[in-house]
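The model shown is predicted, which means the values in this text are computed figures rather than measured ones. Numbers here simply count residues along the sequence, with the first being 1.
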Amino acid sequence: MILGWSQFDIDVMHAALAEAEVAIGNGEVPVGAAVVVDGKIIAKDHNRSITESDPSAHAEIVVLRAAGASLKNHRLPDATLFVTLEPCVMCLGAIVQSRVKRVVFGAYDEKAGALGSVEDLLESRALNHRFEINGGLLAEESSRLLRQFFKARR
């Protein structure tokens with residue numbers, strides 16, 4: 001167990017990291033995500049922007065869509081979203097609209113993070129939903145995948 005994190009949180013983030021590794025094999029930026037409801041992963045996937053020619057196909061949005069379809073509801077008030085990288089502004093909008101109760105992320109994104117690194121948009125009065133944020137789970141593992149990916153592309 002990692003200090004402050006449950007074994008379940010760690011296990012789910014490992015599942016998201018496995019998805020990030022799949023993304024690498026597909027030539028995608030290695031970000032993976034999973035949605036948990038009632039202690040069970042109901043959706044997991046990775047970035048698909050390049051393979052789907054869809055700029056909105058970030059891992060977070062892909063799994064939120066899948067979770068909504070699984071539950072037959074666009075609202076996910078009992079869900080926790082796990083993602084290997086701090087969400088960007090676009091993903092934050094989808095997270096807010098889905099009404100998740102908690103977001104757990106791995107690496108902080110010093111270039112585009114919207115939950116504290118570059119901006120803390122959850123503090124904006126313009127947003128009509130708030131959720132719990134827990135960042136830094138397996139951050140080094142998440143960061144390492146991203147560094148290796150971009151180093152190989154240079």
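Considering only heavy atoms from C-beta on, Ile10 comes within 4.5 Å of Leu137 through its side chain. Considering only heavy atoms from C-beta on, Trp5 comes within 4.5 Å of Asn134 through its side chain. Between Val96 and Phe131 there is a side-chain heavy-atom pair separated by less than 4.5 Å. With a 4.5 Å cut-off on side-chain heavy atoms, Asp109 and Val118 do not count as touching. Annotation: side chain of Glu132 is not in contact with side chain of Thr80 (no heavy-atom distance under 4.5 Å). Side-chain contact check for Phe8 versus Val36: some heavy-atom pair is nearer than 4.5 Å. Proximity of Leu64 to His58: side-chain heavy atoms (C-beta onward) are nowhere separated by under 4.5 Å. When side chains are defined from C-beta on, Asn26 does not count as touching Ile50, because their heavy atoms never get closer than 4.5 Å.
The cluster map of Ile, Leu, Val, Met, Phe, Trp and Tyr, joined by side-chain heavy atoms under 4.5 Å apart, puts Val12 and Ile133 in the same cluster. Cluster membership for Leu138 and Val31, using ILVMFWY side-chain heavy atoms within less than 4.5 angstrom, is shared. In this structure, Leu76 is a member of the same hydrophobic cluster as Ile41, with clusters built from ILVMFWY side-chain heavy atoms closer than 4.5 Å. One hydrophobic cluster, built from ILVMFWY side chains closer than 4.5 Å, cannot hold both Val83 and Met90; they sit in different ones. Hydrophobic clustering places Met13 together with Leu146 (ILVMFWY residues linked when any side-chain heavy atoms are closer than 4.5 Å, directly or through intermediates).
Without hydrogens or angle criteria, Arg75 side chain to Gln97 main chain gives a donor-acceptor distance under 3.5 Å. Side-chain N or O atoms of Asp38 include none that pairs as donor or acceptor with a backbone N or O of Lys40 at under 3.5 Å. At distances below 3.5 Å, not a single donor-acceptor pair connects side-chain atoms of Asn47 with backbone N or O atoms of Glu28.
Note: Leu115 CG to Ile95 CD1 = 6.5 Å, rounded to the nearest 0.5 Å. We find the CZ-NE2 distance between Arg65 and His74 to be 14.5 Å, quoted to the nearest 0.5 Å. Between Thr84 atom OG1 and Glu19 atom CD the span is 10.0 Å, to the nearest 0.5 Å. Separation of atoms CG (Leu92) and CG (Leu121) is listed at 5.5 Å; rounding is to 0.5 Å. Remark: Leu85 CG to Ser117 OG distance equals 8.5 Å, nearest 0.5 Å. Rounding to the nearest 0.5 angstrom, the gap separating the CG atom in Leu17 from the CZ atom in Arg144 is 9.5 Å.
Taking a cutoff of 4.0 Å between a charged side-chain nitrogen and a carboxylate oxygen, Arg102 and Asp9 qualify as a salt bridge. Ionic pairing of Glu86 and Lys111 is not present here: no N-O contact between side-chain nitrogen and carboxylate oxygen is shorter than 4.0 angstrom.
Considering all non-hydrogen atoms of both residues, Gly106 and Ser142 come closest at CA-OG, 4.0 Å. Contact record, Glu52 with Ala57: OE1-CB, 4.1 Å, taken as the closest heavy-atom pair. When every heavy atom of Arg99 is checked against every heavy atom of Asn128, the shortest pair comes out as NH2-ND2, 3.2 Å. Of all heavy-atom pairs between Cys88 and Ala114, the closest is C-CB, 3.7 Å. The two residues Ala59 and Asp45 make their nearest non-hydrogen contact at CB-O, 4.4 Å. Here the shortest heavy-atom pairing between Pro55 and Ser49 reads O-OG, 3.9 Å.
Remark: Ile24 pairs with Pro30, Leu145, Phe149 by the side-chain contact (heavy atoms from CB on, under 4.5 Å) rule, at least two apart or across chains.
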